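To keep things clear, I will list the structure first and then write my remarks on it.
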Amino acid sequence: MVVTRFAPSPTGYLHVGGARTALFNWLWARRTGGTFILRIEDTDQKRNTPTAIRQVIDDLRWLGIQWDEGPEAGGPNGPYLQSQRRDIYDKHIKQLLDEKKAYYCFDTPEELDALRRQAQNQKKAFSYRRPEDFPDAEDAKKARAKGRSVTVRFAVPQDEPMVVADIVRGEVTFAAGEIGDFIIQKNDGFPTYNFACVVDDYLMKVTHVIRGQEHLMNTPGQQALWKALGFGDFPKYAHMSVTVSDTGGKLSKRERPKAIRKAIKAMQDIDLEKLAEAGSISLEELEAFINGKTAVDMPCIDAMAKHLGAALPEINIVDFFKSGYLPETMVNFLGLLGWNPGDNREIMPVDELIESFDLSRLTKANSLFDRQKLLAFNTEHIRIAPGEKLLQHFKDYLKAIESPAVSADSRLLSKIIKICEGARTLADIERKSRFLFLDNSQIKYDDKAVKKVLLKNDGLAVLTTVRDKLAAMEQFTEQAIEDMLRCLAEEKQVGLGKVAQPLRVAICGTTISLSIFNSVEMLGKEKTLARIDNTLKKVKKDTGCSMLDTRKNGE
RNA sequence: GGCCCCAUCGUCUAGGCAGGUCCAGGACACCGGGUUUUCAACCCGGCAACAGGGGUUCGAAUCCCCUUGGGGCUACCA
């Protein structure tokens, strides 16, 4: 029986890299009829943010990735938050200590830093020098009493090479002595990732560890721990390629802080105090962050980015939700990043993904997250999505972005969706239909559109004519409107655009909307006429004023 | 610096492990044309890659080595 797990550290929203890892684990469990576990690795007291678990859960749910065991779902191997499993880790650490397979250390961070620098200078890899005699519990007690930092290190066997059998990469060998003794329990009593992960994977009976390549170097150490704890056979490992951003590095939660740091450094005279204020942190915290010493909370990152006017890479799953992407798109696209079914299929519903998924087809090379291809996928998924489903997605989207269309009824929304055939994102649909849900007074005129369509040629005159014709219409149907506009265009010996565009700008304020016939019909006669009148009034007034203004400035 | 991973069109990739069927296939992007009431969508056509060098072999995208390039790790982060 296959058991996989996704084990995020809750430091922010779920990003696309994490989502892909979760997806592959989930696909493999579904494919094999196994179990998929969600485990929260919240062992770092400094970095965890209070709302992050909720965010990760929501994002996974949105994607449709359901876990069989984990927070909220429960299960026989809980608790699923590592912070609630302290006693379990303590027990295993004591076991290693008793068996002399681990030992106490009392070094300060400064001392360790110095040792590392020394190794660097000698062009050697840093490896912690294991003491001849291990301090005992009594020594640890004394050290603690004296205020020294107390950690526990695992004595990694140094006598033979270590081999990781990896599904993606084959056998990866590490020379004997390559992996130094590493810390398994921190001064604050929490286990480190490398320890908690091993204990939990064993206790949760995980059979397949599918994770990013960044963990490959952790694996020999984890395997050694596994052995030392007497856990028996290792799980199978699959270290996936990582997804990189177009700026080069690993596409991860580190990307956004990285981008901010870069932006800060790139700016010459920057007011750090104001920036800290914008992020609601202290100046010291900000400086520590800039130097890469500490992490800051997500909202803080966002706030600082806004303050700086810096564009952050859009890497969180929620970003894509709010940009109008479908979960089906994300699942399909992410699934094809570093995996493929072996034939030319690309657009696949999730069932097909599950059916075709196989760990043996994971690719080795890192891949770039291509937004344009994602857009193409989204276009296609919008096209093939069943009406009901698409409607629900659209409603969720409207709510998330607080669109004025949020209160519209299902019938109307369905009609709008249908009219928008060929839309690339839900945002496209919303943008094109938004004008229907605004009050007449809320219409904002796009300057460019007004200039290009109304002020050029005889846009205003055409609009006036159109107004009169519309006013005279008894049947205000889509067909009647179309007939009238086409007829008028023919009469005037111009393209339909020449009569349609001024009308469009008048009722929407922009040059982009639903098809003009639909736009007018759905808005209704009364509002259409009112908006045309408003437009005529406003444009005439504005042009008059602007002429006055220029004259004033000239004098 | 040390260790590890990776390398096919601009991008995601098929082909590689079982060498000939590959003067390298698909998709996105791009370019040209068509359709068109806006934005899209759609239709037709086109451009475009085996990182470089050395081996092995009758034969190499495929196997081996080196170089170069990219990425990861090198934390009391995960």
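Chain A is the first sequence line, chain B the second, and so forth, proteins listed ahead of strands; every chain is numbered from 1. Only a predicted model underlies this, so the values are computations on that prediction, with no experimental measurement involved.
Within the 4.0 angstrom heavy-atom criterion, base atoms lie near A:Thr151. The residue A:His239 sits apart from the nucleic acid: no heavy atom pair falls under 4.0 Å. Heavy atoms of A:Asn218 sit under 4.0 angstrom from at least one base atom. Heavy atoms of A:Gly338 sit under 4.0 angstrom from primed sugar atoms or phosphate atoms, though from no base atom. A:Gln213 comes within 4.0 angstrom of a nucleotide base, judged by non-hydrogen atoms across all strands. Within the 4.0 angstrom heavy-atom criterion, base atoms lie near A:Gln120.
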What does the list of N/O pairs under 3.5 Å between the protein and nucleotides 14-17 of chain B look like, with a distance for each?
from, atom 1, to, atom 2, distance (Å)
B:rA14, OP1, A:Asn340, ND2, 2.7
B:rG15, OP1, A:Arg361, NH1, 3.2
B:rG15, OP1, A:Arg361, NH2, 3.3

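Donor-acceptor pairing under 3.5 Å, judged by distance alone, is present between the side chain of A:Lys373 and the base of B:rA27. A:Glu214 contributes no side-chain N or O that forms a donor-acceptor pair with the base of B:rG71 under 3.5 Å. At a cut-off of 3.5 angstrom, counting only N and O atoms as typed in the model, there is no donor on one side facing an acceptor on the other between the side-chain of A:Asn366 and the base of B:rA7.
With RNA chain B read from its 5' end, the first of the two nearest nucleotides for A:Ser241 and A:Gln122 is the one closest to A:Gln122.
Side-chain contact check for A:Asp200 and A:Tyr89: at least one donor-acceptor pair (N or O, by modelled atom type) lies under 3.5 Å. Side-chain contact, A:Asp166 with A:His239: a donor N or O sits under 3.5 Å from an acceptor N or O. Between the side chains of A:Ser9 and A:Tyr193, not a single donor N or O lies within less than 3.5 Å of an accepting N or O.
Pairs of residues two or more places apart, or lying in two chains, that qualify as side chain to side chain donor-acceptor pair (under 3.5 Å) and include a residue from residues 331-342 of chain A are A:Asn332-A:His381, A:Asn340-A:Arg361.
B:rC9 and B:rC5 are spaced 24 Å apart, taking the C1' atom of each and rounding to whole Å.
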Check: What does nucleotides 36-46 of chain B look like as a protein-contact string, B for base, S for sugar-phosphate only, - for none, at under 4.0 angstrom between heavy atoms?
Finding: -BBBBS-----
